[in-house]
Amino acid sequence: MIPRRGFVTALAGALGLSFWDEPALQAIGGNVNTNSRPSELKITDLRVATIKGAPMTDPIIRIDTNQGIYGLGEVRDGASKTYALMLKSRLLGENPCNVDRLFRKIKQFGGESRQAGGVCGIEMALWDLAGKAYNAPVYQMLGGKFRDKIRCYADTTESNDPKIYGERLKKRKEQGFTWLKMDLGIDLIAGQEGALSVPAGTSVKGSADTPHMFTGIEVTPKGVELMATFVSTVRGYVGYDVPLSCDHFGHIGVKSCIRLGRALERYNVAWLEDMVPWQFPALLKEIKQSVDLPLCTGEDIYLKEGFVNLAEQHAVDIMHPDLATSGGILETKKIGDAIQAYGLPMAMHFAGSPVACMASVHCAAATENFLVLENHSVDVPWWDSLVDGIEKPIIDKGFIAVPNGPGLGVTLNDEVMKQHLLEPGYFEPTPEWDKERSHDRLWSRQQFRDARQRRFEDRMQAAKFV
């Protein structure tokens with residue numbers, strides 16, 4: 001076999017291309033990952049290590065290959081690692097560079113919210129592997145980037161005292177964050193007489209498993225004014241020059257959402273998030289048409305069709321997917337591209353380790369209508385040290401630099417990872433999942449039924465019954 005550089009030299013000579021001198025040939029070789037032969041890459045294992053307190057519980061998955069390179073992904077916070085492990089048998093022996101084909105093979109095993117965790121985590125790891133195999137960052141494989149750094153907003157610890165909450169958000173602004181978000185729930189006014197109408201036997205906090213419209217909880221005019229005054233106090237600390245989004249209102253009725261939204265208009269709120277479940281687009285549209293503030297939803301939606309449906313109905317103003325829920329990196333870029341046609345921007349939800357964070361960063365970089373990315377880990381002192389290979393601090397003055405290394409651009413710091421494991425074992429082999437199987441195909445086996453019917457009719461004919 002002719003060595004790669006020898007072949008290139010011979011070809012250059014045959015074509016009379018004297019400009020391919022030795023430095024040029026070395027540069028060509030330097031851009032190739034000679035440790036990987038992408039066309040021969042095969043998946044050999046899928047392993048998991050689960051960390052806690054970052055600030056969520058996050059199963060990190062590692063997909064190993066026959067060439068010694070591996071890909072990292074992450075199952076969304078709060079989801080079981082089993083969602084990923086059960087898919088291992090569908091991946092063994094496959095070429096991880098066929099990211100889209102493998103995603104289409106396993107996407108039927110995802111579902112809304114945390115049920116999509118396994119599919120999305122695997123998709124991240126496949127992109128990491130493909131990038132490493134071809135020595136290219138993920139954003140480049142998605143078509144290139146629109147920006148070099150990603151704007152972030154940070155989750156901030158809630159307080160029932162608006163002055164304390166305002167001071168905490170002001171410190172975020174002083175840290176360099178150019179977008180803020182606060183929780184504004186009815187729990188803030190639950191102790192105020194006459195602020196809420198709550199059916200007897202119903203708990204304000206205990207209603208979290210009941211969709212908003214079915215709790216019977218409504219905010220009174222007094223309660224609306226109390227919540228609006230809370231936001232007014234916060235605005236007094238952070239000013240009006242910075243966007244301020246609001247979330248976690250509580251499970252209240254549609255009319256209460258409208259009354260509260262109207263009261264918040266004077267404070268120029270950047271968006272009202274998840275006022276009612278996303279599965280009720282007509283109710284979202286009713287709120288949207290009644291309130292002159294942007295509505296936002298999406299962190300629990302799986303696959304682009306749900307987002308497109310909301311966009312077509314003009315039910316919200318901003319989409320907010322979490323790629324650890326929405327279908328992974330490529331599906332989330334498709335979501336952004338699809339809703340852009342309806343004039344909608346895409347913010348991104350994220351809560352997890354730097355692995356899923358970098359997956360989000362690559363997607364955000366490659367999506368034109370991206371707005372801002374969430375982060376819940378600004379106050380976790382060891383969060384940055386979970387990974388190596390990128391600029392530190394990861395969030396610098398409210399922005400994350402888009403990494404240029406291959407794949408997601410990060411490697412794990414094994415020592416720090418092991419200090420924060422939820423359970424014993426660190427990427428141990430998982431042979432018990434090698435043969436987990438079922439009949440996966442969703443479409444009809446009509447051709448086999450037709451054949452059985454023909455055989456049955458032939459037998460009946462032969463027996464003179466037909």
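For clarity, every value in this text was computed on a predicted model and none was experimentally measured. By convention here, the first residue in the shown sequence is residue 1.
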Taking only residues two or more places apart in sequence, or in another chain, which ones meet Q279 in a side chain to side chain contact (heavy atoms under 4.5 Å, CB included)? P277
Would you call the rings of W382 and H420 parallel, tilted or perpendicular if under 30° counts as parallel and over 60° as perpendicular? parallel
With a 4.5 Å cut-off on side-chain heavy atoms, are L180 and Y153 touching? no
Close side-chain approach of L46 to I122, heavy-atom, < 4.5 Å: yes
If you compare all heavy atoms of S245 against all heavy atoms of A270, which two are closest, and at what distance to 0.1 Å? OG-CB, 3.5 Å
Have T411 and D388 got a donor and an acceptor in their side chains that come within less than 3.5 Å? no
Distance check, rounded to the nearest 0.5 Å: F370 atom CZ versus T332 atom OG1? 12.0 Å
Give the table of side-chain donor-acceptor pairs shorter than 3.5 Å for residues 95-107, with sequence neighbours excluded, one pair per line with atom names and distance.
residue, atom, partner, partner atom, Å
N95, OD1, C97, N, 2.9
N95, ND2, P38, O, 2.8
D100, OD1, R104, NE, 3.3
D100, OD2, R104, NE, 3.3
D100, OD2, R104, NH2, 3.0
R101, NH2, E94, OE1, 2.4
K105, NZ, R90, O, 2.8
K105, NZ, E94, OE2, 2.9

Within 45° of the six-membered ring axis of Y70 and under 6.0 Å from that ring's centre, is NZ or CZ of R62 located there? yes
By salt bridge (Lys or Arg N to Asp or Glu O under 4.0 Å) - contacts of K170 (at least two apart): none
Strictly by salt bridge (charged side-chain N to carboxylate O under 4.0 Å, His left out), give each pair with a member in residues 151-161 just once, sequence neighbours left out. none
If we ignore hydrogens and angles and just use 3.5 Å, is the side chain of S256 paired with the main-chain N or O of I252 as donor and acceptor? no
Please say whether more than 12 non-hydrogen atoms of neighbouring residues, nucleotides or ligands are located less than 6.0 Å from CG in D241. yes
One should read off an interatomic distance between Y237 OH and Y165 OH, to the nearest 0.5 angstrom, of 14.5 Å
Would the distance check show the side chain of R235 and the main-chain N or O of Y267 forming a donor-acceptor pair, the cut-off being under 3.5 Å? yes
Got P55 and S377 here, is their nearest side-chain heavy-atom distance under 4.5 Å? yes
Residue pair L142 / K333: nearest heavy atoms and the distance that separates them: O-CE, 3.4 Å
Between E74 and P59 (side chain of the first, backbone of the second, donor and acceptor by atom type, cut-off under 3.5 Å), is there such a pair? no
Tell me the salt bridge (charged side-chain N to carboxylate O under 4.0 Å, His left out) pairs involving residues 346-363, sequence neighbours left out? none
Which pairs, with at least one residue in residues 353-375 and sequence neighbours excluded, count as a salt bridge (charged side-chain N to carboxylate O under 4.0 Å, His left out)? K181-E374
Taking side chain to side chain contact (heavy atoms under 4.5 Å, CB included) as the test, write out the residues that go with S360, two or more places apart. L323, M348, F350, L373
Nearest 0.5 angstrom please: L72 CG to L129 CG, how far? 8.5 Å
The reported gap from CZ in R168 to OG in S159 (rounded to nearest 0.5 angstrom) is 5.0 Å
Can you check whether G352's main-chain N or O pairs, donor with acceptor, with W383's side chain at less than 3.5 Å? yes
Do any N or O atoms from the side chain of T210 and from the backbone of F214 form a donor-acceptor pair under 3.5 angstrom? no
Would you check if the side chain of K88 reaches a backbone N or O of T430 as a donor-acceptor pair within less than 3.5 Å? yes
Have a look at I186 and tell me which of I217, L260, V198 forms a side chain to side chain contact (heavy atoms under 4.5 Å, CB included) with it. I217
Student check: side-chain heavy atoms of L421 and T50 closer than 4.5 Å: no
With sequence neighbours excluded, tell me which residues meet side chain to side chain contact (heavy atoms under 4.5 Å, CB included) with D317. K288, P294, L295
Please list all pairs meeting side-chain hydrogen bond (donor to acceptor under 3.5 Å, both in side chains) that have one or both residues in residues 395-407, counting only residues at least two apart or in different chains. Y139-N404
So do the side chains of V402 and K149 get within less than 4.5 Å of each other, counting heavy atoms only? no
Within the 4.5 Å heavy-atom criterion, are R172 and V378 side-chain neighbours or not? yes
Applying salt bridge (charged side-chain N to carboxylate O under 4.0 Å, His left out), which residue pairs with at least one partner in residues 411-428 are found, sequence neighbours left out? K81-E423
Only pairs at least two apart or in different chains count here, so list each ring pair (Phe, Tyr, Trp, His ring centres under 6.0 Å) that has a residue in residues 309-329. W271-H320, H320-H349
Using distance alone, with no hydrogens and no angle criterion, decide if W433 and S89 have a side-chain donor and acceptor under 3.5 Å apart. no
Residues in side chain to side chain contact (heavy atoms under 4.5 Å, CB included) contact with M417, at least two apart in sequence or another chain: I51, I60, L386, L412, Y426
4.5 Å side-chain heavy-atom contact, S80 and V75: no
Sub-4.5 Å side-chain heavy-atom contact between E123 and E331: no
